[in-house]
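Working notes for the structure below.
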Amino acid sequence: MELKYFILRRSLVIIPTLMGLTVITFILLWGLGPELIYRGINSSPKVNIPLSQQALILSQNGFSAAVVNGKLVFTNPIGMYFNFVSDLFRGNWGYIIGQPLTAPTLQAIEFYFPNTIQLAVGATVMALLIAMPLGTYIGARPNSASDQVGRIFSLSGYALPAFWLGLVLIVLFGNNGTAGFGNGTSGNTPVGIIPYLNIFPYFGNGTEFLSTTAPKGFFSSTFGQTLPTHIFLIDSLIAGKLNYFVIALAHMVLPVATVTYGVLAGILRFIRAGMVDASGQEFVKTARAKGVPEGQVIKKHIRKNALLPTVTVLGLLISGLLGGVVTVEIVFNYKGIGWLAVQAALNYQAWGILAITFLFGIILMVTNLIVDVVYAFMDPRIRY
Amino acid sequence: MEQNVMLNQEESQLSVEGLKVRFFTSKGIVKAIDNLSFSIRKGESYGLVGESGSGKSVTATSVMDLIPDPPGRIIRGKIFINGYNILNDLDRLVTIRIRKPTDVRIKRRKRLMKRHNYIMSGIRGDRVAMIFQEPFLSLNPVMTIGDQIREAILLHSRVEIANSIIKRETLNEDDVSKIADTLMAQPDNFTRKKLIVRVCSQYAIPELAKLFIDLFENSTDKEFITKELLSLVNTKKTGLSLEELEEARNYFLLMDRKHDLSLRLLEAEKQENEKLAEKLHLQIRAINQQLRSDYLVYSLKRRFLRRFIDKPFVEYATGRTLELLMQVNIAGPERVIDAYPHELSGGMLQRCMIAMAFSSNPQILIADEPTTALDVTTQAQILDLMREVNKTYNTSIFFITHDLAVIAEMCDRVGVIYGGNLVEEASVKEIFYNAKHPYTTGLMNAIPKAERRYEKTARLESIPGSVPNLIDPPTGCRFHPRCKFRMDVCSEKKPKLVEIEKEHKVACFLYSDEVENEIEEEVP
Ligand SMILES: Nc1ncnc2c1ncn2[C@@H]1O[C@H](COP(=O)(O)OP(=O)(O)OP(=O)(O)O)[C@@H](O)[C@H]1O
Ligand code: SF4
Ligand SMILES: [Mg+2]
């Protein structure tokens with residue numbers, strides 16, 4: 001009951017943060033300038049018209065612009081800001097035109113974002129599944145041989161950039177379309193790379209061969225029914241197409257492994273540190289003095305306390321994860337939100353850039369909210 | 001000598017012989033405890049006093065075999081708990097190689113250490129229990145008090161619990177009427193109350209005790225009482241399958257037997273009695289076999305469906321926890337059981353610790369400065385509680401403190417420890433009125449006396465100097481740098497703890513010339 005109010009209160013705190021986020025996004029918009037904004041103002045903006053007319057169209061859409069010294073500039077920031085915010089919340093996120101696709105920005109995000117969720121959640125789950133037992137094990141044996149191995153593993157996870165690791169994995173395990181899972185689904189091999197073991201595909205998420213165009217209605221046309229999640233792994237299961245599921249899974253292996261490595265390194269170090277710290281505390285002695293067997297002391301008494309500090313840094317790790325996802329998506333040509341962000345930036349798609357910035361901000365806010373709630377749930381000393 | 005030792009073990013609950021504890025730190029080897037011997041008799045309350053850093057806590061933790069490793073290790077000695085030497089396999093657990101005092105390599109034999117821990121976890125909390133100085137730090141902050149006490153209960157008395165639950169489930173009209181008879185036959189309310197509590201706990205219905213007592217107070221009609229009792233008992237029957245309960249009981253019996261055999265195996269190995277060891281080994285193997293075949297399903301269920309399998313046990317433990325909390329005079333045990341440590345006061349927490357320690361009726365209670373962190377009133381209450389427990393259950397208490405007033409109040413006999421050596425041991429009376437060792441007399445004079453406090457000129461006499469650095473302790477008598485009566489021999493040789501009067505031992509050259517032969521091989 002109390003927890004419910006805590007969640008509610010904590011959610012309300014999001015509102016000012018959200019306002020802050022809109023301000024930052026707006027400053028970004030201001031910086032991008034009217035010309036770029038105009039390019040995605042509607043589904044087919046006329047380019048070869050006089051600037052004054054462009055300014056007029058911008059103004060009709062809530063962006064007060066004028067021509068000064070032969071250049072298009074924004075004029076009234078305050079009014080514009082309020083227009084912009086109301087547009088944001090109504091889902092008017094402009095258009096992406098040309099490269100990498102032509103669509104309303106919101107729809108493009110609807111299309112690409114589920115792929116990123118698939119990748120990020122997959123990697124987080126994998127990282128937690130590995131880090132929990134491993135961290136418990138090495139944390140209970142500080143300075144042992146296994147601890148040293150764990151330390152090297154963690155540090156290398158920090159040190160190796162994701163794009164490099166991704167390339168190495170491609171070289172080692174990549175499947176250039178002649179063998180392995182998901183046959184014939186891979187695209188072209190990066191120049192100069194000859195895959196070695198030919199096991200896993202490394203291009204996209206497996207939907208590429210189903211359709212290359214038309215983001216909207218893509219799933220429904222493929223499976224003959226509407227599938228709401230847009231997450232290939234799940235949709236293929238719902239549709240009961242096991243072969244597609246296998247393909248989806250095969251495509252996930254290398255990108256998830258790459259992202260997992262980086263996240264895992266962080267979580268592992270925190271769990272280990274938490275374990276070592278908790279092991280030295282008095283209540284552990286009490287537990288042993290009660291006659292709790294060593295295995296239980298570690299799992300029940302020490303780990304429960306060790307996970308608390310780990311949870312607090314989980315929020316930070318997730319922002320790291322988002323950064324990691326961008327590079328990994330590029331390396332594996334995995335069409336998620338990170339890939340879209342890079343494409344949008346390369347092609348001066350102002351609306352794409354704005355939307356993704358805003359989206360990342362929201363993701364961080366929500367994950368931090370979840371982390372806070374989980375922490376409050378786990379630590380009885382938190383008053384809510 | 002040998003015979004003496006045997007005798008000692010029989011009448012004593014706990015006896016420590018020639019204990020040596022070392023901490024291998026980067027600054028050198030801390031010789032924390034050197035050749036410490038003492039024993040605590042059944043039902044006795046033994047106090048250990050000394051300044052801060054003299055090794056009191058290390059002694060207490062050694063008795064539980066809980067010295068933090070690394071950096072510490074017990075390197076020699078015997079600790080008999082109920083006649084069983086918990087350090088039987090000490091020599092085999094590790095090899096210590098000292099290259100330099102700051103560079104010590106310890107090789108641990110993992111398999112043997114695992115077995116040692118397995119055996120110790122069955123002894124700790126069961127026969128010896130311990131309470132600590134800082135109640136705030138000594139309880140797990142993320143577990144409720146109830147969970148922590150229940151855990152202790154469920155660790156050690158599982159067979160008894162299973163038996164009482166079986167008894168409850170099979171309780172019929174005849175049994176109830178017999179119980180009613182015996183209870184009615186009690187001469188007075190007080191004995192009846194006590195009996196009711198016992199009976200209720202035997203039949204796994206501790207929470208009914210109160211209702212029973214009320215019933216007997218309000219009525220003397222046998223028929224009515226029997227009927228009421230029966231209906232009360234029936235509300236508590238959960239209709240568990242007896243087969244399952246018996247299976248659980250037999251499983252726990254087997255586990256207990258395995259522990260017992262392992263313990264005896266260690267003893268046999270120590271005595272190099274190969275025949276017996278072989279026999280015990282085979283028996284343990286047979287039990288393991290049985291656990292893997294007959295109890296495979298049960299142990300799998302325990303592993304994965306613990307919550308359901310253990311439900312009746314947990315319910316029993318909850319009842320018992322409430323009972324224990326009431327025994328330690330906690331107000332509102334129903335609330336406390338679901339509270340987290342940070343929600344309670346220090347005194348309450350220390351009561352909970354005591355309740356936890358008593359959950360399995362230990363024969364020895366070790367209390368390491370249990371009242372130091374508490375305010376004076378609470379301190380007195382906790383001491384009262386411990387004395388009461390000591391009297392009711394005839395539990396031996398090993399009481400550690402630096403407060404002589406507390407010693408005077410609590411203990412039958414006292415040991416005085418200085419720099420890791422026991423320097424004097426005698427009854428409380430002797431220590432207070434007839435202290436021999438210069439260190440002890442110094443401690444006595446350091447107590448502020450009520451009359452003296454009001455005199456303007458009076459000053460608290462204290463012992464000059466401070467506790468020795470135990471990495472390079474003073475040669476000979478460790479107290480000699482601070483001793484007013486120092487002689488030449490004192491810095492050369494170490495005085496031996498000898499009995500100079502009946503039940504009064506002192507280690508000082510003022511009273512005896514006997515020299516303690518220091519075994520200089522250091523480490524096995
Ligand atoms: N973990 C450790 N590492 C190194 N030395 C230790 C460790 N624990 C205890 N010692 C040493 O053992 C000696 C005895 O310490 P102990 O804690 O038993 O003192 P104490 O008599 O309980 O004092 P206090 O009244 O302050 O509790 C001290 O000199 C200390 O330096
Ligand atoms: S042996 Fe010597 S130094 Fe030690 S206490 Fe006795 S008189 Fe003092
Ligand atoms: Mg201490």
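Side chains are part of it too, since the values below use all heavy atoms of this structure and drop only hydrogens, waters and symmetry mates. Note on naming: letters A, B, ... go to the chains in the order of the sequence lines (proteins, then strands), and numbering restarts at 1 for each one.
- Here A/H301 is the residue among A/E294, A/Q296, A/R288, A/H301 with the most heavy-atom pairs under 4.5 Å with chain B.
- Residue contact with chain A, scored on non-hydrogen atoms closer than 4.5 Å, involves the backbone and the side chain of B/L137 alike.
- Contact of B/E151 with chain A is made through the side chain alone, with heavy-atom distances under 4.5 Å.
- Evaluated for a side chain to side chain contact (heavy atoms under 4.5 Å, CB included) with B/F398, the options B/T59, B/L365, B/V128 yield exactly one hit, B/T59.
- Under the 3.5 Å distance criterion, with hydrogens and angles disregarded, no donor-acceptor pair is assigned to the side chains of A/R269 and A/S154.
- At a 4.5 Å heavy-atom cutoff, B/S359 makes no contact with chain A through either its backbone or its side chain.
- Here the side chains of B/L349 and B/E134 are not in contact, with every heavy-atom distance at 4.5 Å or above.
- For the pair B/R73 and B/V21, the minimum side-chain heavy-atom distance is 4.5 Å or more.
- By number of non-hydrogen pairs under 4.5 angstrom with chain A, the leading residue of B/Q133, B/M143, B/K114 is B/M143.
- Considering only heavy-atom pairs separated by less than 4.5 Å from chain B, the leading option among A/K285, A/Q281, A/K304 is A/K285.
- Within the 4.5 angstrom heavy-atom criterion, no atom of B/M120 approaches chain A.
- B/L14 is not listed as a side-chain neighbour of B/S396, based on a closest heavy-atom distance of 4.5 Å or more.
- A/V284 does not touch chain B: none of its heavy atoms, backbone or side chain, sits under 4.5 Å away.
- Contact check for B/Y118 versus B/H259: side-chain heavy atoms found under the 4.5 Å cut-off.
- Between chain A and the options B/G125, B/A129, B/S121, the largest number of non-hydrogen pairs under 4.5 Å is found for B/S121.
- Comparing B/L139, B/N117, B/I131 by how many heavy-atom pairs each has under 4.5 Å with chain A, the most go to B/L139.
- Geometrically, A/R9 does not engage A/Y5 in a cation-pi contact defined by less than 6.0 Å to the ring centre and at most 45° from the axis.
- Between A/M132 and A/L307 there is a side-chain heavy-atom pair separated by less than 4.5 Å.
- Comparing A/M378, A/K290, A/E282 by heavy-atom pairs within less than 4.5 Å of chain B, the highest count is held by A/K290.
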